[in-house]
Amino acid sequence: MPEQRAAMWLMKSEPEEFSIADLERVGREPWTGVRNYQARNFMRDGMALDDPVLFYHSNCATPGIAGIARVASAPYPDPTQFDPDSDYFDPAARADAPRWLLVDIAFVRRLRRVIALEELRAAADRLGDLALLRRGNRLSVLPVSASQFKTILAMEKHAP
DNA sequence: GCCAACGTTGGC
DNA sequence: GCCAACGTTGGC
């Protein structure tokens with residue numbers, strides 16, 4: 001039996017660093033700077049071209065889902081790990097054995113309104129075990145099931 | 001391999 | 001700015 005692939009994702013970004021508006025402006029962005037192995041593994045092993053992504057704004061006044069993106073490349077080495085001038089430089093990374101892989105993310109659309117974390121918590125019974133809502137979770141790349149994705153997008157149409 | 005110390009994330 | 005939660009580091 002083939003292994004089940006998550007197929008849909010949530011990716012966090014601090015809007016002061018890179019917001020959904022920034023993604024809309026550039027159209028496509030290499031998702032540099034992920035330095036957590038579990039998050040890397042999701043990008044390296046789990047993602048496929050065109051997988052849908054919920055674009056989440058973190059560490060801001062109203063944390064929540066702000067837009068939709070999609071996976072726009074196969075995984076490849078994060079170039080910032082080799083750049084001594086980058087905040088994400090990793091002296092242990094070797095060109096012939098890159099430690100950090102990333103994918104490109106492409107803009108799809110903004111949501112009509114931000115679906116706040118608070119609202120997602122309130123809908124926890126309908127969402128089931130959403131990785132984002134697990135206690136103490138800090139992962140910046142998370143799997144989302146198809147039914148969770150659908151439930152979240154349906155929330156967009158209603159007032160919070 | 002254990003685990004204390006430390007650094008980071010991210011909501012509040 | 002606070003601090004809980006968690007991942008990583010490094011001495012032993």
Side-chain angles (χ1 to χ4, degrees), chain A residues 6 8-26 29-47 51-71 75-105 107-108 110-145 148-149 151-156 158-160:
Chain A
M8 299 189 183
W9 309 94
L10 181 146
M11 297 172 84
K12 297 180 186 174
S13 186
E14 301 191 15
E16 286 194 14
E17 296 296 319
F18 190 82
S19 69
I20 189 69
D22 293 320
L23 185 61
E24 181 171 25
R25 181 170 45 78
V26 300
E29 182 74 5
W31 208 252
T32 56
V34 170
R35 294 295 180 268
N36 171 284
Y37 289 107
Q38 209 178 337
R40 177 205 67 182
N41 292 348
F42 284 135
M43 291 197 288
R44 185 189 65 184
D45 308 328
M47 288 186 177
D51 277 357
V53 175
L54 298 169
F55 194 101
Y56 179 90
H57 282 172
S58 67
N59 204 13
C60 55
T62 305
I65 295 163
I68 309 293
R70 66 181 170 81
V71 176
Y76 64 97
D78 180 342
T80 64
Q81 71 193 302
F82 305 121
D83 177 4
D85 296 327
S86 169
D87 289 342
Y88 303 124
F89 177 61
D90 183 349
R94 299 179 35 140
D96 59 351
R99 178 180 293 198
W100 305 110
L101 301 191
L102 52 67
V103 296
D104 289 355
I105 294 300
F107 178 79
V108 174
R110 294 205 212 196
L111 296 193
R112 279 179 266 173
R113 62 185 190 83
V114 171
I115 300 173
L117 176 61
E118 183 183 26
E119 206 178 331
L120 294 169
R121 288 198 196 286
D125 56 337
R126 281 185 288 138
L127 286 169
D129 185 24
L130 184 66
L132 179 74
L133 300 180
R134 280 181 208 152
R135 183 162 168 273
N137 168 67
R138 298 185 312 173
L139 269 183
S140 61
V141 179
L142 303 165
V144 177
S145 74
Q148 288 167 339
F149 201 97
T151 301
I152 290 168
L153 282 193
M155 294 168 70
E156 181 189 12
H158 305 293

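Chain A is the first sequence line, chain B the second, and so forth, proteins listed ahead of strands; every chain is numbered from 1. These numbers come from a predicted model, not from an experiment.
Looking at residues two or more places apart in sequence or on another chain, you find a side chain to side chain contact (heavy atoms under 4.5 Å, CB included) between A:Ala92 and A:Asp90, A:Arg99. Partners of A:Asp87 by side-chain hydrogen bond (donor to acceptor under 3.5 Å, both in side chains), not counting sequence neighbours: none found.
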For a quick test of your reading: what N or O donor-acceptor pairs under 3.5 Å do the side chains of residues 52-66 of chain A make, sequence neighbours left out?
unit_1	atom_1	unit_2	atom_2	d
A:His57	NE2	A:Ile20	N	3.1
A:Asn59	ND2	A:Glu14	OE1	3.4
A:Asn59	ND2	A:Glu14	OE2	3.4

Distance-only donor-acceptor pairs under 3.5 Å for side chains of residues 124-132 of chain A, two or more places apart:
unit_1	atom_1	unit_2	atom_2	d
A:Asp129	OD1	A:Arg134	NE	3.1
A:Asp129	OD2	A:Arg134	NE	3.3
A:Asp129	OD2	A:Arg134	NH2	2.9

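Of the residues listed (A:Asn36, A:Val103, A:Leu139, A:Val34), the one engaging A:Phe42 in a side-chain contact (heavy atoms from CB on, under 4.5 Å) is A:Leu139, and it is the only one.
Side-chain atoms of A:Tyr76 and A:Asp104 include a donor-acceptor pair closer than 3.5 Å.
Residues of residues 75-90 of chain A that place a heavy atom closer than 4.0 Å to DNA chain B do not occur.
In this structure, A:Arg35 and A:Asn59 both approach DNA chain C, and ranking their closest nucleotides by distance from the 5' end singles out A:Asn59. For A:Arg138 and A:Arg99, each mapped to the nucleotide of DNA chain C holding its nearest heavy atom, the one lying further toward the 5' end belongs to A:Arg138.
The number of heavy-atom neighbours closer than 6.0 Å to CD of A:Glu118, taken from other residues, nucleotides and ligands shown, is 12 or below.
No side-chain donor-acceptor contact under 3.5 Å links A:Gln81 to the backbone of A:Ala93.
Interface limits on DNA chain C: the 5'-most and 3'-most nucleotides within less than 4.0 Å of chain A heavy atoms are C:dA5 to C:dT8.
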